[in-house]
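Reading through the structure tokens given below for one structure.
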Amino acid sequence: MAKKNKTAITPTREEDYSQWYQEVVKASDLAENSPVRGCMVIKPWGYALWENIMHDMDAMFKETGVRNAYFPLFIPLSYLEKEAEHVDGFAKECAVVTHHKLEKGKDGKLVPAGELAEPLIVRPTSETIIGESMSKWTSSYRDLPILLNQWANVVRWEMRTRMFLRTSEFLWQEGHTAHATKVEAQERTSQMLDIYAEFVEKHLAMPVIRGQKTESERFPGADDTICIEAMMQDKRALQAGTSHFLGQNFAKGSDIKFQNEEGQEAYAWTTSWGTSTRMIGGMIMVHSDDDGLIVPPRVAPAHVVIMPIIKKGGDNTQVIESANLLKKALKANSFHGRKVEVEIDSRDIGGARGWDWVKKGIPVRIELGPRDIANNCVFMARRDTNEKKSMDRDDFINNICDILDNIQDSLFQRALQFREDHTFSIDSKEEFYALFKKAKGYENGAFVNSHWCGSRECEEKIKKDLSVTIRCIPFDSPMEEGTCICCGNASSKRVLFAKAY
RNA sequence: CGGGGCGUAGCGCAGCCUGGUAGCGCGCCUGCUUUGGGAGCAGGAUGUCGGAGGUUCGAAUCCUCUCGCCCCGACCA
């Protein structure tokens, strides 16, 4: 019968973390590789997750006055050149379109023809093309602010790809705003980061650290980049969202000018901010276990699966009927603005059926057989704790939202506890090096708060020696006298060091 | 893009060294028996051996090239 000790996923996290991750993605049916290098197929179970993320984040953006729009996939090559640092940042990874048709060659095979006068790049991000529109739309301070967002795909020709975490094409949202004043743009930059933090913590149940990027980690062309960082179960950091204060750099490049209240011509102040399908990768790595995916209920493609106990050749009408009624009763509940989503799985494949749903990470599984029906009960299993118990059917229906909230909370608390257990303040260079040197695979170290003098040289040295980077200068890092973990010079603040995805 | 590993059935793999026309486990299909955490027995289907060239009477196997995946670096959301 049951092979109790066997995990649904091999290898386990401990055995081989990155292989485990690949297997979870596969076993949970979220996505698979496509025939196109570095690009993935997001399957319905994975895309539903993204749809829920889009739906919830979109509402939060709109609440702050942001409106959606859509800009071209193709960006004229010359546009990218409008901001010097921006070019440097993205030029190496651009897909370039040079032809506009195909013709039959000598051997009958199709060959590109009709060379374009100016090559087009497939957008790696849209600052420049949106800036072009903004400049047309802005003539008076009364036209500002412009608050835009677009849900789109972008392409960055990556050398090394991993499902959801880094693919050549990925889905994201990019917000772009233009403001009359510096302060207003800066406020918008932090406002959007706060929204990201709230979304990721409340909906994805991932605790995050908010902070500022160092100069070397900044978005190409930004004056300031702020971010949220989360800890994965291998103790590496994943940037889950970034928000950029672009100063007037792009306004100057794209000529976004307006007349201010004093009648003077001025450049606008712009921001941009983005989150991507990468968040799904983070969610997988934060919550899932050796039996597969675990999805926080608030973004789960479905909340409950009902598995009727089917007797082949017997009369199952009562069980099926009962399952349908249960589904209907559950769906009458609203869970954070969404109906409780219920799947019924009547496949007669024995215990494998249950494991399928374990691997897919559905929060709650229900087994429903004649015995339960006779007692007006359901047999419930929670994915997060693996707790299983028989419950009164009506209690279950009435409390489903509480159960889901409870799962959501416990996932967050578990992740928070994990992060706290693996976060240290270190003041000795020896200790710092010792900790990260032994870090391999699953033991990728920790989050370490240490003093940093602010020099690029020290940042580089630590990166070179240990593959550890400054993830951010946390906003809540207090002013405090100390000495740089690398060079020993005076420092007034601790920064967050970690290995990163 | 540098270094390493790997592409054989839906999934996981063996076969390759020493060339002779493809196998195992799981899954899938059929039947019977089962059914409350990965069911049992019996029968069955499934492969252009990643692709293209080459060597050879004959290539999954040897050679060349190519594409893709994974790991370690560099780079990046």
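Residue numbering restarts at 1 for every chain, and letters A, B, ... go by the order of the sequence lines. Every heavy atom of this structure was used, including side-chain atoms; hydrogens, water molecules and symmetry mates were not. Keep in mind it's a predicted model, so treat the numbers as computed, not measured.
A gap of 23 Å separates the P atoms of B/rG10 and B/rC16, to the nearest Å. Distance check on atom P: B/rC17 versus B/rC76 gives 45 Å, rounded to whole Å. Of the C1' atoms belonging to B/rC67 and B/rC26, the separation is 29 Å, rounded to the nearest Å. Taking atom C1' on both nucleotides, B/rU55 is separated from B/rU61 by 13 Å, rounded to a whole Å. Rounded to whole Å, the P atom of B/rU8 lies 8 Å from the corresponding atom of B/rG12.
As judged by a 4.0 angstrom heavy-atom cut-off over every strand, A/Asn386 is placed among the base-contacting residues. Within the 4.0 angstrom heavy-atom criterion, no nucleotide atom of any strand lies near A/Gly282. Using a 4.0 Å heavy-atom distance criterion, A/Thr275 is classed as making no nucleic acid contact.
Every side chain to side chain contact (heavy atoms under 4.5 Å, CB included) that A/Pro119 has, sequence neighbours left out, goes to A/Leu77, A/Val96, A/Thr98. With sequence neighbours excluded, the residues that form a side chain to side chain contact (heavy atoms under 4.5 Å, CB included) with A/Asn52 are A/Val299, A/Arg338. Listed by chain and number, the residues in a side chain to side chain contact (heavy atoms under 4.5 Å, CB included) with A/Lys389 are A/Met380, A/Glu387, A/Met391 (sequence neighbours excluded). A/His244 pairs by the ring-ring contact (aromatic ring centres under 6.0 Å, His included) definition with A/Phe219, not counting sequence neighbours.
Base pairing of B/rC6: its partner is B/rG68, meeting the Watson-Crick or G-U wobble criterion (both donor-acceptor distances under 3.5 Å). Pairing for B/rG43 goes to B/rC29, judged as Watson-Crick or G-U wobble with the two contacts each under 3.5 Å.
Applying the ring pair (Phe, Tyr, Trp, His ring centres under 6.0 Å) test to every pair with at least one member in residues 275-307 of chain A, sequence neighbours left out, gives these pairs: A/His303-A/Phe335. Sorted by first then second residue, the side chain to side chain donor-acceptor pair (under 3.5 Å) pairs that include residues 361-376 of chain A, not counting sequence neighbours, are A/Asn376-A/Asp394.
Sorted by residue number, the members of residues 361-380 of chain A with any non-hydrogen atom under 4.0 Å from RNA chain B read A/Arg365, A/Glu367, A/Gly369, A/Pro370, A/Arg371, A/Asp372, A/Phe379.
Among B/rU35, B/rC70, B/rG38, the nucleotide with an atom closest to any side-chain atom of A/Lys359 is B/rG38.
Straight-line distance from the CG atom of A/Asp348 to the P atom of B/rG38: 14 Å, rounded to whole Å. With rounding to whole Å, A/Arg382 atom CZ is found 18 Å from B/rG37 atom C1'. Residue A/Lys360 contributes atom NZ, which lies 18 Å from atom C1' of B/rG37 at whole-angstrom precision. In this structure, A/Glu32 places its CD atom 15 Å from C1' of B/rG68, rounding to the nearest Å.
Each of A/Asp16 and A/Ala8 lies near RNA chain B, and the nucleotide nearest A/Ala8 is the one positioned closer to the 5' end.
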Which pairs of donor and acceptor atoms, one on a side chain in residues 39-51 of chain A, lie under 3.5 Å apart (sequence neighbours left out)?
residue : atom : partner  : partner atom : Å
A/Lys43 : NZ   : A/Asp29  : OD1          : 2.7
A/Lys43 : NZ   : A/Glu32  : OE1          : 3.4
A/Trp45 : NE1  : A/Lys360 : O            : 3.0

Table please: side-chain donor-acceptor pairs of residues 275-284 of chain A below 3.5 Å, with sequence neighbours left out.
residue  : atom : partner  : partner atom : Å
A/Thr275 : OG1  : A/Gln173 : OE1          : 2.9
A/Ser276 : OG   : A/Arg278 : N            : 3.0
A/Thr277 : OG1  : A/Leu171 : O            : 3.3
A/Arg278 : NE   : A/Leu165 : O            : 3.0
A/Arg278 : NH2  : A/Tyr501 : O            : 3.4

Please list every donor-acceptor pair under 3.5 Å in which a side-chain atom of residues 205-212 of chain A meets a protein atom from a residue at least two apart or in another chain.
residue  : atom : partner  : partner atom : Å
A/Arg210 : NH1  : A/Asp194 : OD1          : 2.6
A/Gln212 : NE2  : A/Asp224 : OD1          : 2.9

Please list, for nucleotides 9-12 of chain B, all pairs of protein and nucleotide N/O atoms separated by less than 3.5 Å.
residue : atom : partner : partner atom : Å
B/rG12  : OP1  : A/Lys26 : NZ           : 3.1

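A salt bridge between A/Lys213 and A/Glu229 is present, with a side-chain N of the basic residue lying under 4.0 Å from a carboxylate O of the acidic one.
Looking only at side-chain heavy atoms (C-beta outward), A/Thr177 and A/Thr270 stay at 4.5 Å or farther from each other.
Figure legend: A/Lys437 and A/Tyr433 shown without cation-pi pairing, the cationic atom not lying both under 6.0 angstrom from the six-membered ring centre and within 45 degrees of its axis.
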*Can you give one letter per nucleotide of nucleotides 72-77 of chain B, 5' to 3': B if a protein heavy atom sits under 4.0 Å from the base, S if only from the sugar-phosphate, - if neither?*
BBBSBB

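The side chain of A/Gln22 places an N or O atom within less than 4.0 Å of a non-bridging phosphate oxygen (OP1 or OP2) of B/rC70.
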